[in-house]
Amino acid sequence: MLAVLTAPAIGRRADSTSLSPLTSLTELMDPSLRLPVEQSLAARYSEWVAEALDEIQGCFLITDPDIAGHPIVFASRGFLAMSGYSLEEVLGRNGRIFQGAATDRQSVMEIREAIREERTLQISLLNYRKDGTPHWILFHLFPVFGVEDGRVAHFVAVQVPIPRRSRCLRSLAENRHEGGTGRFLVACRNEFRSDYKLGCNPVVELFVDVDNRGLEAEESRHATEQEKEKACDAANSILSTLAHYSKLTGRVISDKRRSEAGISAINSSLVISLGRIKQSFVLTDIQLPQMPIVYASDEFLNLTGYSRHEVLGRECWFLNGPDTDADVLHQIRQSIQAEHSCTVRLLNYRKDRSSFWNLFHISPVRNASGKIAFYVSVQMDENAKSNEHGLSPHMRQLGVVGAVKVAVRSLSMCAGPSRR
Amino acid sequence: MAPVGHVESECTLQRESTRTERCKSHQVPNCITNIYHLGKSIQDDDVLGDLPCSEARSHSLLDILLLSQWEDHALKGNLRYDVSTCQMKIVSGAKKFIAQLNENWNLNTLMDFEKKSFQARGPCCFSDVKPHREDLLICVTFGEKEGSELVSSSILPKDGVLVIANANPVEYGHIFLVPYDVHKMPQLLDKRVLGLMTQIAAEVANSSFHIFVDYDGSESMDHRGFQASYFADPLPVELLPSIPVYGNLLSTGIYIGEVADYTLKALVFVSKNFNKTVQVVGEICAYLCDNGSAFSLLISDCGKKVFLFPQVRAPFRYKLSAWECGGYFVYDTQSDFNHVTESYICSLLASVSLDAHNFKTLKQQCCTAVSKFMI
């Protein structure tokens, strides 16, 4: 429930031990902003959205860039528990209050840039709790656009704690269950993949921070795929809640700016065009960091044994497994980084865990704006290859790429005339 | 079928016979490529059927072949630029003209290619192929069998169509289709070549694939070749309704219409049996050539539709290429791209259009031509 704000408690302010070292009197919320901050969510998503947001697991903040100082207008219960602040201490404040001496300035700059450019960003960040203790988080920021005016309505910042990877934490995981969504994965042999979800549970936090000496000396800490996925899952839940409730007021929002020429949505005419390509391939959306699959052909499903709903939205590396050559994967990642295509042979796994040698070709695909909208990857089972009708398997793969490139270049993909 | 109109002087005849001699001595081609043999079955009447082109059907072999060869050619770095990086937009207005910003493209490169390939009035010999050897993708020829067949890595046949990549593409898959024949001079706009082009369009069976040719009516450029490209969306002219001029598909099997509400007066020929279309369009083209008129042709809808854009031929006047006639314009500067308007394009199209009187004469000529084939 959104708490009714009371006047700042003078008494609390005087108790310096309970405040973060960086909090100063001047940074508490300006009284003239109180009303806009309180109204920010309700005006667009109705009064009921706060309750709905409270039901979402996870640590996140919502900020309003239209109010002076870009203040926080919502903080999840998980966030408050993780950071140690109360709601009154956070509302109306700018997100920089959680940064501290050892927070990497470059990362802060990147966040500022992403806000200025109104785009999504996922970055590891060292933040500080109210009691002054630092902790690493995966910071996932994304804008939410008003469909009608195309302007940013709010920014959402999802935060997933990145724990220190150590043996004692793994044994903790083995001994306890996970509440909430109930996801419990066995740790694998790779020491740095901690395969359990740390919820924003204060008990676990205390355990993690037993050994936080030298935390500030760490230059960076990298999030695992699971943590990134968790951030994206939370982001999606928040987004769909906001989108749903925005319909109540008529001020509908979306995660994509409506008039952006670079929109890479899969619309029905593209699905029809892609449906003519009778070969195994997938399209991945490169605008999200984990590169989810947004289209998979029937032949891909036949080859891998998965059903369509098991594949859509999944990150594109999921066919890889324990014996997949890491050098080859690195080569693929480098090509993606360089915006080049590449052809490799790698060991992939079907749903039934049987493996096959995949003649794999991946290529960037641009839409009518000239910018890369997707990557197309074409799979071919080495054993199944044959020179059909005089066309070599590699040529057939390139034919798929060509057909996809023609289809994606359609102007029907873009919402409207270019803003440029 | 009268040759494309020009008077042959003694000198040119002599030049031609020397070239023919040269060609005969080079009859065995030293060029190896993939050869696509068109099957005989598609040459029959009414095979195109009622299904709209390329809906829910998988890509044809020739389609995959062209796309893959193009993509391979591009990956090897043989194109001057990646045309898919060029931004496109719909020009605001009812006609929805399409504009592309392509800073690497200019008209001159197209004309240079044609000057290189098409030595005036000579048969297209294999020696002419040399400058384009590296851009040669495949060769298409009439096959002997019922079905179509792809034969990889063979020597060029005696006649066919060379498919050459355009290193300065206007769109994805932009190719030159160069008909050749060792033994004789190909008449680029005769019915045999038109039929071959329409057959290729039907064989590709992809509604994005368009074949076009421009004829500028002057003697020096009468060997301008066919080109083809993949356009992801229909060209604006294809979306316009038409006013009937002759016939309808049910009774006569061929329909001729005048494109409605378009400032460039144009005709569209529609038939499910492309042999019929070819006969009629061939006649009209001959008529236009004899009169020294300029025009552009656009073969679309997998060979079922042919657009004819007759143009006023005047020296130094800007001539439009077939895709421009269709409503697709390429600009090489950001400011031109930003400032283009529908009214500007409409006046540009109007400036090359036939006037009402001459267009009426043309329409009458069409009716005459088609009635010759209606038995």
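Below, all heavy atoms of this structure are taken into account, side chains as well, without hydrogens, waters or symmetry copies. Since the model is a prediction, treat every value here as computed from it, not as a measurement. Quick note on labels: first sequence line is chain A, next is B, and so on, each numbered from 1.
Of the charged side-chain nitrogens involved, none lies within less than 4.0 Å of a carboxylate oxygen, so that B:D233 and A:R409 do not count as a salt-bridged pair. Looking at A:E310 and A:K351, a side-chain N of the basic residue comes within less than 4.0 Å of a carboxylate O on the acidic one, giving a salt bridge. Ion pairing between B:E71 and A:K405 holds under the 4.0 Å rule for side-chain N and carboxylate O. A salt bridge links A:R345 with A:E382: the closest approach of a Lys/Arg side-chain nitrogen to an acidic carboxylate oxygen falls below 4.0 angstrom.
Using a 4.5 Å cut-off between heavy atoms, B:L75 touches chain A through its side chain atoms alone. Of the two parts of B:E149, neither the backbone nor the side chain holds a non-hydrogen atom closer than 4.5 Å to a non-hydrogen atom of chain A. For B:N34, no part sits under 4.5 Å from any heavy atom of chain A, backbone or side chain. Proximity to chain A is limited to the side chain of B:I98, based on heavy atoms less than 4.5 angstrom apart.
For the set A:V365, A:V400, A:V401, the count of heavy-atom pairs under 4.5 angstrom toward chain B peaks at A:V401. Of the listed residues (B:A232, B:S152, B:S84), the one with the most heavy-atom contacts under 4.5 Å to chain A is B:S84. Each of B:D72, B:V91, B:V151 has some count of heavy-atom pairs under 4.5 Å with chain A, and the biggest count is that of B:D72. For chain A, the option among B:I64, B:L150, B:T85 with the highest count of heavy-atom pairs below 4.5 Å is B:T85.
Ring-plane geometry between B:W105 and B:W323 is classed as perpendicular, the angle between the planes exceeding 60 degrees on a 0 to 90 degree scale with a lower cut at 30.
With B:Y262 as the aromatic partner, B:K95 does not meet the cation-pi criteria of under 6.0 angstrom to the ring centre and within 45 degrees of the ring axis.
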